[in-house]
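Below you'll find the structure, written out as structure tokens, and then a few comments.
All figures in this text were calculated on a predicted structure; none of them were measured in a lab.
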Amino acid sequence: MNTMIRDYIAIQKQDDVVIALRDMEAGDTLLLDDGDILNVTESVPRGHKIAVRQIELGQDVLKYGFSIGRATQLIQPGQWIHSHNLHTGLSGTLDYEYAPTADWQPSELPAHLNTFDGYVRPNGEVGIRNELWIINTVGCINKICEALARMGHAELAGRVDGVYHFPHPFGCSQLGDDLEYTRQLLTSLVLHPNAAGVLVIGLGCENNQVDTFAAGIPAEYRDKIRYLKAQEVEDELEVGMTYLQELAELAERQQRQPVPLSKLKLGLKCGGSDGLSGITANPLVGKVADLLVSAGGTAILTEVPEMFGAETILMNRAASPQVFQDMVELINGFKQYFVDHGQNIYENPSPGNKAGGITTLEEKSLGCTQKGGHSQVVDVQRYGQRVQRTGLNIVEAPGNDLVSVTALSAAGAHIVLFTTGRGTPFGGPVPTVKIATQSELANRKKHWIDFNAGQLLEGRTIEQVGLELLERIVDIASGRLETNSERHGFREIAIFKDGVIL
């Protein structure tokens with residue numbers, strides 16, 4: 001059936017492709033921006049690429065104004081471009097040259113978005129939740145901690161925002177750096193200001209000893225922590241509840257008060273991406289990141305393997321030659337990690353990504369890195385460590401959703417903005433805001449999705465939707481709203497088993 005439609009989006013004038021916004025069939029025709037008619041010659045799923053000009057064998061294919069790979073055969077206008085005729089152009093570790101760019105200008109925020117209501121902790125840090133956390137040093141007491149969290153959540157309801165435990169399987173049969181990186185990640189979670197109090201529980205015989213763990217806690221945080229060795233008390237649940245009662249009394253002394261937006265830290269993450277992730281949700285999150293940085297706040301970007309192919313865009317935004325060098329070591333170090341484990345560096349995207357329209361790693365990366373907006377990169381932090389500088393930070397972690405959200409939380413993110421084209425229900429240790437790339441997902445999975453970036457395809461501007469999303473974030477930070485994952489009690493962590501790879 002021949003129908004004159006405009007159900008597509010063109011990103012850059014120089015691109016070789018447009019993106020289908022609905023399933024298309026052979027015989028459909030597109031009216032392009034330059035007035036030409038493009039005849040679709042085969043079926044193309046929603047979110048996938050259609051060639052707008054002839055592309056020769058071996059030629060770079062442009063999307064976002066950059067190469068997303070090379071054609072593996074002659075491609076004619078109107079053809080579907082995907083894994084059958086496009087392959088990555090990336091290979092190996094690279095040498096890089098610092099070529100700084102400085103074209104970003106801060107934005108001025110509306111006055112009502114310059115503050116949120118948070119909890120100012122005794123050491124001056126700010127939290128957005130007044131929770132109690134239970135952190136176990138070893139996996140074999142997960143069920144004890146789970147039972148204690150359930151008891152505490154019920155008995156302390158109304159006094160704190162909740163009592164939560166984050167199970168994990170590690171802490172024993174680990175040695176050397178592997179153990180140290182697990183300890184570092186758990187320590188950073190203990191220090192998180194969303195937790196007004198933390199109960200650290202060990203078994204007593206594990207490698208990750210409670211006393212060693214406690215010795216690594218800075219003095220300024222020690223008042224908010226209690227320690228328990230399960231093997232050394234008669235009833236660990238009774239003793240644990242006593243400690244939680246003490247921590248609840250500390251938490252009750254703190255009340256929400258207005259604090260500058262500059263105190264807020266946002267983690268930036270995508271998962272279950274599709275062909276619209278780099279067109280709607282990720283640029284939207286980048287807009288919010290820029291607004292937050294403009295206000296003096298902190299944005300945190302990770303998923304290092306999903307920077308491959310777009311890394312120079314971030315590297316050239318490095319605030320100094322040292323930050324640039326740190327990024328080079330981060331990127332090449334992660335590539336070497338793949339090599340050391342006998343894996344193909346560019347064996348990505350995932351099956352779900354490909355089904356959604358993403359063909360190569362550079363295509364995925366060019367969409368993924370848009371979450372970082374356009375501001376300078378001020379610092380690079382290693383896995384499990386906390387960010388130290390305001391502005392856009394990069395944190396070392398893989399692309400795995402739960403591992404990277406945990407790393408963002410440990411780095412200090414109060415909230416994680418999680419964009420998705422396919423949907424996912426999980427929640428990290430901190431409020432996890434799910435942002436759909438398109439309206440169909442937002443409407444179908446309302447119990448998963450918190451915000452719809454598909455509005456950008458329906459006549460609204462990124463400036464309008466960006467401010468709306470920032471308002472939603474301020475409401476979440478101020479305790480006026482919960483995310484869907486919070487509402488359902490979905491709280492999880494995952495630890496990168498091989499630890500730091502730099």
Other residues, nucleotides, ligands: >12 heavy atoms within 6.0 Å of Glu458 CD: yes
Stepwise side-chain hydrogen bond (donor to acceptor under 3.5 Å, both in side chains) test for Tyr64 and Glu362: CA-CA 11 Å; Tyr64 305 111; Glu362 50 263 62; over 6 Å; no
Distance-minimising heavy-atom pair for Thr424 and Trp448: N-CE3, 3.4 Å
Flag, side chain of Asn353 to backbone of Ser350, donor-acceptor distance under 3.5 Å: yes
Quiz item: cation-pi between Lys434 and Phe451, 6.0 Å / 45°: no
Check: Thr420 side chain, Gly271 main-chain N or O, donor-acceptor pair, under 3.5 Å: yes
Nearest heavy atoms of Gln184 and Gly384, plus distance in Å: NE2-O, 3.2 Å
ring-ring contact (aromatic ring centres under 6.0 Å, His included) partners for Tyr227, two or more places apart: none
Lys364 side-chain N/O to Phe308 backbone N/O, donor-acceptor pair under 3.5 Å: no
Note: Arg444-Glu440 ion pair, threshold 4.0 Å (strictly below): yes
Flag, side chain of Gln438 to backbone of Leu441, donor-acceptor distance under 3.5 Å: yes
Presence of salt bridge, Arg472 and Asp450, under 4.0 angstrom: no
Least distance between heavy atoms, Glu303 atom then Cys368 atom: OE1-SG, 3.6 Å
Short side-chain to backbone donor-acceptor contact, Asn393 and Val380, under 3.5 Å: no
Short side-chain donor-acceptor distance under 3.5 Å, Gln381 and Arg386: no
Worked check of side-chain hydrogen bond (donor to acceptor under 3.5 Å, both in side chains) between Gln322 and Asp326: CA-CA 6 Å; Gln322 182 58 58; Asp326 291 343; 2.9 Å; yes
Modelled atom types, side-chain donor and acceptor of Ser277 and Asn282, under 3.5 Å: no
Pair Glu131, Tyr119: side-chain N/O donor-acceptor within cut-off below 3.5 Å: no
Stepwise side-chain hydrogen bond (donor to acceptor under 3.5 Å, both in side chains) check, Asn207 with Gln209: CA-CA 6 Å; Asn207 294 76; Gln209 282 285 299; over 6 Å; no
Aromatic ring proximity, centroids under 6.0 angstrom, Trp133 and His192: yes
Whether Phe334 and Tyr337 hold their rings parallel, tilted or perpendicular, with breakpoints at 30° and 60°: perpendicular
Pair Gln455-Arg460, side-chain hydrogen bond (donor to acceptor under 3.5 Å, both in side chains): steps then yes or no: CA-CA 6 Å; Gln455 299 174 74; Arg460 301 196 68 200; 2.5 Å; yes
Option passing side-chain hydrogen bond (donor to acceptor under 3.5 Å, both in side chains) with Asn484 (candidates Glu482, Glu486, Arg487): Arg487
By ring-ring contact (aromatic ring centres under 6.0 Å, His included) - contacts of Tyr164 (at least two apart): His153
Leu266 side chain near Ile300 side chain, heavy-atom distance below 4.5 Å: no
Under the ring-ring contact (aromatic ring centres under 6.0 Å, His included) test, residues paired with Tyr243 that sit two or more places apart: none
Sole residue of Leu203, Ile201, Thr137 in side chain to side chain contact (heavy atoms under 4.5 Å, CB included) with Val210: Thr137
Expected output: side-chain Asn452 to main-chain Ile435 donor-acceptor under 3.5 Å: no
Pair Asn136-His165, side-chain donor/acceptor within less than 3.5 Å: yes
Under-4.0 Å salt bridge between Arg46 and Asp274: no
